Each structure stands twice: as C-alpha cells, then as structure tokens.
Amino acid sequence: MTLHALLFDVDGTLADTERDGHRPAFNQAFAEAGLDWHWDVALYGKLLAVTGGKERMKHYIDRYRPDYRKPAGFDAMVADLHKAKTRHYVELAARGGIPMRPGVKRLLAEARAAGLRLAIATTTTPENVTVLLEHSLGPGTQDWFEVIAAGDIVPAKKPAPDIYLYAMEKMGISAAECLAFEDSENGLKASLGAGLKTLVTVNDYTLDHDFTGAAVVLSDLGDPGTPNWCIAGPDPGQPFVDVAYLRTLHAG
Ligand code: XBP
Ligand code: MG
C-alpha cells in the first residue's frame, strides 16, 4: 500500500506544549479562581498519565487532593476552570511563545510539496491547535491540514483510538495508507489501536514511556545541521527525517 497521508498528534509532537504551555495555563486558571491547586513540573509529568484537561483536573483531585471537598456542581466548576485555562493557553500561544519542535515545519512543507495529505488527531481543545499553528507554524498553515480532529469531538480520548479513526473516516482513507506521529505512550496506544504505523519522537516528559509497537523511536525529526538520533527501532542512518525516509518506513 502506498503512503498517502500523515496524521499528527500536537502536544509534545508538533511542539513542546505541556511543560511551558498547558501547565502554566492551568496554574493561572487555578490562581485566578482562588484555588490552592498548583502543578509543578514533576507533578504535571505524573498528571499527564490522564489525557484531556478536564479529565486531568478531576484525576488530580481524586488522586492527589483527598482533603478537597468537592462542591455541588463540581463538574461545572471544572468546565469553567478549563475555559479559563484555554484562554490563558491561547494568549500564550498567540504571543508565539510555543515554538514548533525541530524539523516539524520543514517536514510538513516537504510532505505538502510531495502531495501527501495531512491531518491532525489530538486530545487538546481545537482553539489551542489553531492558535498554535497560526502563530508558531505560520499564518494560514491551518489550511495545510485537511482535517483537524481535536478535543471532545469524540467522547473517548487517547489512549482510545477514536480520534484517529474519526480523522481517517473524515478523510475517507484507510490506516494502511497513513503514518502517525506521536510522542507519548497514550498517544501511541491510540494510533496503534487505530491500526496505524507510528513514528515516535520523544520529549522530556515521555523519554521513559513504553513505546513497544512503534515503527521507530527518534529524539526528534532533526534538521540539516541539527541531526536527530535513533532511540529504538531500525536506525534511519540519516541525520533528519524526510519524505523518502517516511516512504521507506511505511513500506517496511
Ligand atoms: C494532549 C493532552 C491534552 C493537553 C491539554 O495529549 O493530554 O490534555 O495536555 O489539553 P495528546 P486540553 O498529545 O496525546 O493529544 O486542556 O485542551 O484538554
Ligand atoms: Mg502528545
């Protein structure tokens, strides 16, 4: 089967959004609401076990704050906190404060030129994706992606495969024609569950995750002059990921 499309995760894959994007946005929302909740870098790493911001807040309370007495209307409170958090994240991203990871823009541009179809399959809120693309990838780059599948559009978030299945259904494409790009164990479970060959690029939060089943695990996509390195799987034997390599990986 020929490679026709690339499906990208966002958080941790296109950009390092978690530590210096989502985390401070959550903390700002908590402080603004007068809550004594605060997520430091280490705690946030543990909380990433649960995907989805609303789901993550509820998990924090259940797992780490047995002292906290949930008020009536706790779900609505979490939804309001999440709206405030999204506002803070969007402000940060709109200042261009969250750069793309190495090689991302180069590979996307090359893939487009090669006629590959592009889509996004992410757990995060849709506004977070569009603002990040517009301000960090470049004006108008949302249009590079045929489908932006995000957030609550499917009820079951990653590690469920649903968001990938949704994106492929919208595109009218089969898993065998696609490659997925992920950075985390939950993300990889989702892509593998959808039957997708998956290239993983790790980051500080996901270095020690279990990536069994990935086609290859790399440090990042690399760029001419800033080579990446191979962490697991067949060594690409080249300093950066390009479309020719993706075709080989997909065929292998
Ligand atoms: C991303 C997430 C998201 C973000 C926060 O996971 O887990 O929850 O941390 O986004 P993935 P929201 O990279 O696997 O898609 O607060 O908008 O939910
Ligand atoms: Mg991710």
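Just so you know, these numbers come straight off a predicted model, no measurement behind them.
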Item checked: No-hydrogen, no-angle side-chain donor-acceptor test under 3.5 Å, Tyr164 and Glu182 -> yes
Item checked: Results of salt bridge (charged side-chain N to carboxylate O under 4.0 Å, His left out) for Asp208 - residues two or more places apart only -> none
Notebook entry, point to check: Residues two or more places apart in sequence or in another chain: which of them pass salt bridge (charged side-chain N to carboxylate O under 4.0 Å, His left out) with Asp40?
Noted result: none
Which side-chain N or O atoms in residues 173-180 pair as donor and acceptor under 3.5 Å with protein atoms at least two apart or in another chain?
from   : atom 1 : to     : atom 2 : distance (Å)
Ser174 : OG     : Glu177 : OE2    : 2.9
Glu177 : OE1    : His4   : ND1    : 3.0
Glu177 : OE2    : Ser174 : N      : 2.9

Check: Of the non-hydrogen atoms in Pro24 and Glu18, which two are nearest, and what is the gap between them?
Finding: CD-O, 4.4 Å
Notebook entry, point to check: Taking all non-hydrogen atoms of both residues, which atom of Leu221 and which atom of Arg106 are closest, and how far apart?
Noted result: O-NH2, 3.6 Å
Checklist line | Side chain proximity check, Trp144 to Leu137, heavy atoms < 4.5 angstrom | finding: yes
Check: Under the side-chain contact (heavy atoms from CB on, under 4.5 Å) criterion, do Leu188 and His209 qualify, and how do the steps go?
Finding: CA-CA 10 Å; Leu188 178 64; His209 284 192; over 6 Å; no
Margin query: Has Thr198 got a side-chain atom pairing as donor or acceptor with Leu196's backbone, closer than 3.5 angstrom?
Written below: yes
Item checked: side chain to side chain contact (heavy atoms under 4.5 Å, CB included), paired with Leu133, selected from Leu14, Asp143, Val10 -> Leu14
Checklist line | Candidate pair Leu218 and Val200, rule side-chain contact (heavy atoms from CB on, under 4.5 Å), full reasoning | finding: CA-CA 6 Å; Leu218 304 171; Val200 171; over 6 Å; no
Margin query: So which atom in Gly193 and which in Pro161 form the shortest heavy-atom distance, rounded to 0.1 Å?
Written below: C-CB, 3.6 Å
Item checked: OG1-CG distance between Thr201 and Asn228, expressed to the nearest 0.5 angstrom -> 9.5 Å
Check: Is any NZ, NE, NH1 or NH2 atom of the basic residue among Lys189 and Asp210 found under 4.0 Å from an Asp or Glu carboxylate oxygen of the other?
Finding: no
Check: Hey, are the side chains of Leu199 and Leu246 touching, using non-hydrogen atoms and a 4.5 Å cut-off?
Finding: yes
Checklist line | Lys58/Asp75 ion pair, N-O < 4.0 Å | finding: yes
Note to self: Between Glu110 and Val243 (side chain of the first, backbone of the second, donor and acceptor by atom type, cut-off under 3.5 Å), is there such a pair?
What the structure shows: yes
Item checked: Results of side chain to side chain contact (heavy atoms under 4.5 Å, CB included) for Ala215 - residues two or more places apart only -> Leu249
Notebook entry, point to check: What's in the same ILVMFWY side-chain cluster as Trp39, cut-off under 4.5 Å, chained through other members?
Noted result: Phe26, Phe30, Leu35, Trp37, Val41, Leu43, Tyr44, Leu47, Leu48, Met57, Tyr60, Ile61, Tyr64, Tyr68, Phe74, Met77, Val78, Leu81, Tyr205
Margin query: Going by the rule side chain to side chain contact (heavy atoms under 4.5 Å, CB included), which residues pair with Lys83 if we only count those two or more places apart in sequence or in a different chain?
Written below: Asp80
Item checked: Between CG on residue Asp67 and CZ on residue Arg69, distance to nearest 0.5 Å -> 11.0 Å
Notebook entry, point to check: With the 4.5 Å side-chain cut-off for hydrophobic clustering, are Ile163 and Val147 part of the same group?
Noted result: yes
Item checked: Under the side-chain hydrogen bond (donor to acceptor under 3.5 Å, both in side chains) test, residues paired with Glu55 that sit two or more places apart -> Lys157
Note to self: Is there a continuous path of hydrophobic side-chain contacts, each under 4.5 Å between heavy atoms, that joins Met168 to Phe145?
What the structure shows: no
Checklist line | More than 12 heavy atoms from other groups under 6.0 Å of CZ on Arg65 | finding: yes
Note to self: Using only atom types and a distance under 3.5 Å, with no angle test, would you say the side chain of Thr13 pairs donor to acceptor with the backbone of Asp183?
What the structure shows: yes
Notebook entry, point to check: Are any of the side-chain heavy atoms of Asp220 and Val241 separated by less than 4.5 Å?
Noted result: no
Notebook entry, point to check: Taking only residues at least two apart or on different chains, which pairs with a member in residues 165-196 satisfy ring pair (Phe, Tyr, Trp, His ring centres under 6.0 Å)?
Noted result: Phe8-Phe181
Next item on the list: May I have all residue pairs that pass ring pair (Phe, Tyr, Trp, His ring centres under 6.0 Å) and include part of residues 215-252, sequence neighbours excluded?
Entry: none
Notebook entry, point to check: Are Ile153 and Leu7 joined in one hydrophobic group, where the rule is that I, L, V, M, F, W and Y side chains link up if heavy atoms are under 4.5 Å apart?
Noted result: yes
Check: Do side-chain atoms of Thr206 reach the backbone of Asn203 as a donor and acceptor pair under 3.5 angstrom?
Finding: yes
Check: Got a donor-acceptor contact below 3.5 angstrom from the Arg101 side chain to the Asp16 backbone?
Finding: no
Margin query: Looking at Thr124, is its backbone amide N or carbonyl O close enough to the side chain of Thr122 to form a donor-acceptor pair, meaning the two atoms are under 3.5 Å apart?
Written below: yes
Item checked: Partners meeting salt bridge (charged side-chain N to carboxylate O under 4.0 Å, His left out) with Arg23 (sequence neighbours left out) -> none
Check: Would a hydrophobic clustering, with Ile, Leu, Val, Met, Phe, Trp and Tyr connected at side-chain separations under 4.5 Å, put Leu107 with Val129?
Finding: yes
Checklist line | Reference residue Lys158; test side-chain hydrogen bond (donor to acceptor under 3.5 Å, both in side chains); the match among Thr51, Asn186, Thr123, Asp9 | finding: Asp9
Margin query: Determine whether a donor-acceptor pair (N or O, by modelled atom type, separation under 3.5 Å) exists between the side chain of Lys85 and the backbone of Gln28.
Written below: no
Which donor-acceptor pairs under 3.5 Å do side chains of residues 111-120 form with protein atoms, sequence neighbours excluded?
from   : atom 1 : to     : atom 2 : distance (Å)
Arg117 : NE     : Glu146 : OE1    : 2.9
Arg117 : NE     : Glu146 : OE2    : 3.3
Arg117 : NH2    : Glu146 : OE2    : 2.5
Arg117 : NH2    : Met171 : O      : 2.8

Check: Is the backbone of Met100 close enough, under 3.5 Å, to the side chain of Ser136 for a donor and an acceptor to pair up by distance?
Finding: no
Item checked: Any donor-acceptor pair under 3.5 Å from His135 side chain to Ala94 backbone -> yes
Check: Do side-chain atoms of Asp223 reach the backbone of Gly103 as a donor and acceptor pair under 3.5 angstrom?
Finding: yes
Note to self: Quick check for you: to the nearest 0.5 Å, what is the distance between Arg247 atom CZ and Asp242 atom CG?
What the structure shows: 10.5 Å
Checklist line | Pairwise side-chain contact, Tyr89 with Thr17, heavy-atom cut-off 4.5 Å (strictly under) | finding: yes
Next item on the list: Search all heavy atoms of Leu92 against all heavy atoms of Gly21 and return the closest pair with its distance.
Entry: CD2-CA, 3.6 Å
Margin query: I'd like to check Cys230 versus Pro236 (side-chain heavy atoms, cut-off strictly below 4.5 Å). Are they in contact?
Written below: yes
Note to self: Under 4.0 Å between a side-chain nitrogen and a carboxylate oxygen: does that hold for Arg87 and Glu32?
What the structure shows: yes
Check: Glu134: what forms a salt bridge (charged side-chain N to carboxylate O under 4.0 Å, His left out) with it, not counting sequence neighbours?
Finding: none
